[in-house]
Amino acid sequence: MSETIRIKVIDKQNNIQVLEAPTNIGLSLMEFLKASGYPILATCGGMALCATCHVEILKNYEQLPEPTNDELNMLDTLPHLFPTSRLSCQIKLTSDLPDELEVKIQGEMEGEQ
Ligand code: FES
């Protein structure tokens, strides 16, 4: 089992970065993105209550664990929803994930109106 996952991140300015994330320390994708310098608001702290951690999954969406009803309900409140939208706080980085993901940040960042 792999202890890292490769994540290609595209930010809202379309800057691209490929990161290696650990899958053995219990981080969510939102926590990893914030720790990597993406200032996602994450107002609710990862409780699936704010949707500011919205990401669009561009690769391997179908290999992720299914979203919960709480996550789907919160995604439904977003004005811009994509077919592969997820809340990054609800994606736990574990060795069950595919080796590679590609995500586009779509949520709210600190300092944005
Ligand atoms: S951090 Fe609030 S919904 Fe993910």
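All ligand and atom numbering here is 1-based and tracks the order in the structure.
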field: Heavy-atom side-chain proximity of Glu110 to Lys34 below 4.5 angstrom
entry: yes
statement: Counting only protein N, O or S atoms (no waters) closer than 2.8 Å to atom 4 (Fe) of ligand 1 gives 2
- prompt: Pick one: which of Ile40, Thr52, Asp11 meets side-chain contact (heavy atoms from CB on, under 4.5 Å) with Met109?
  reply: Ile40
task: Check whether Leu97 and Ile25 end up in the same hydrophobic cluster, where Ile, Leu, Val, Met, Phe, Trp and Tyr are linked by side-chain heavy atoms less than 4.5 Å apart.
output: yes
Minimum side-chain heavy-atom gap Met74-Gln90 below 4.5 Å: no
field: Option from Glu100, Glu102, Glu20 for which salt bridge (charged side-chain N to carboxylate O under 4.0 Å, His left out) with Arg6 holds
entry: Glu20
- request: Measure the shortest side-chain to side-chain distance between Leu29 and Ile7 over non-hydrogen atoms and say whether it is less than 4.5 angstrom.
  value: yes
